[in-house]
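Start at 1 and go down the list; that is how both ligands and their atoms are numbered.
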Amino acid sequence: LPQAHTTGSRKTRSVNEHLIAPRRTQRTVSYKWQHICGGVLLTAQWAFSAAHCRTPGLRVLLGELDFERRTGDEVPCRVKLQIRHPQYDGQTKNDIMMINLQCRKLQMGEAIWPARLPQPMTEVPTGTDCEICGWGTMLYPEFKAATQLQCVNLPIMKTETCNQPYGGAIHDKIMCIGHGRGGQDSCQGDSGGGAYCNNICYGLVMGGLYCADANYPGVYTIVSKYVPWAVTVIRAYMAKQNTGGYNRKRGGNGRGKREITR
Ligand code: ARG
């Protein structure tokens, strides 16, 4: 988040997740963890992130706030499944994924709490302020993940207004969030994290052209459109655990470059 303000004592930090993946450092065989994306905790075993965040070896850290300070609230989790939306088109359509987590000693409480989701298919009025947090880069186009969780409050923009700069690319399952003055935005590394409007997770950070540009606001997947899908996935895997009968389906593809960069 460029020019975001730090909120070290955020109370709702609980719903933020830190998705990390191993990166082999040159010359050595050791792995160094690297920040990849944000996420939204749904239950003790499931989280949302962006489909384009799918990464081999992904891990999730719950209860994180500051990469350089351990508070004891951090809970590392293994990722059992990364289920991208079956209609993810590698671009802006259905850029959402369900992550199946396995966390040791996970306790819901002060530091970790599942997000509130909107009623299926409901919409928030334009102009509503939403809080977006993440460890994404504060420098663009260079990438340097923030060490402390950064948060901004920005209003939901009218799709019509947003479609002018984006040339009609804003379809009915994505929305823009920004005030049009520039300077505040999500950015690379914030993807998959939530946009919380009235404390309900209405959006997932997806993309945008540049970051914090006055003309190009951030673009978010509209969560309410995917609540039924999430319920289906959770039910299907619960059934599978009980009967062993569900065949895991994988969909989407990784090809294509988006106009709205991720
Ligand atoms: N796709 C980016 C990511 O993976 C998010 C970019 C958000 N861009 C923006 N201008 N708000 O983190």
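- Every atom of ligand 1 is numbered from 1 in the order shown, and the set under 4.0 Å from a heavy atom of H52 is 1 (N), 3 (C), 4 (O).
- Classification of the W229-H85 ring pair by plane angle, with boundaries at 30° and 60°, yields tilted.
- By the 4.0 Å heavy-atom criterion, C187 is counted among the residues contacting ligand 1.
- With a 4.5 Å cut-off on side-chain heavy atoms, T92 and M206 count as touching.
- Contact annotation for Y216 and ligand 1: no heavy atom of the residue comes within less than 4.0 Å of the ligand.
- The distance from ligand 1 to the heavy atoms of S191 drops below 4.0 Å at these ligand atoms: 1 (N), 2 (C), 3 (C), 4 (O), 5 (C), 12 (O).
- Heavy-atom minimum distance, L149 versus G134: CD1-N, 3.4 Å.
- At the top of the distance list for atom 12 (O) of ligand 1, counting protein heavy atoms only, stands G189 N, 2.6 Å.
- Counting all heavy atoms, side chain and backbone alike, Y226 lies closest to F48 at O-CZ, 4.3 Å.
- Distances from ligand 1 to the non-hydrogen atoms of C37 include no value under 4.0 Å.
- Formation of a donor-acceptor pair under 3.5 Å by the D190 side chain with backbone atoms of G38 is not found in this model.
- Under a 4.0 Å criterion applied to the non-hydrogen atoms of Y210, ligand 1 contributes the atoms 9 (C), 10 (N).
- When heavy-atom distances to ligand 1 are checked against a 4.0 Å cut-off, D185 comes that close only through its side chain, counted from C-beta outward.
- Protein heavy atom in closest approach to atom 1 (N) of ligand 1: R262 C, 2.0 Å.
- With a heavy-atom cut-off of 4.0 Å, M206 touches ligand 1 through its backbone alone.
- Polar contact check, Y220 against ligand 1: no nitrogen or oxygen pair lies under 3.5 Å apart.
- Judged by distance alone, the side chain of Y210 and the main-chain N or O of P141 form no donor-acceptor pair under 3.5 Å.
- Taking the six-membered ring wherever Trp is involved, the centroid distance between the rings of Y196 and Y202 does not fall below 6.0 Å.
- The minimum heavy-atom distance linking E74 with L61 is given by the pair CB-CD1, 4.3 Å.
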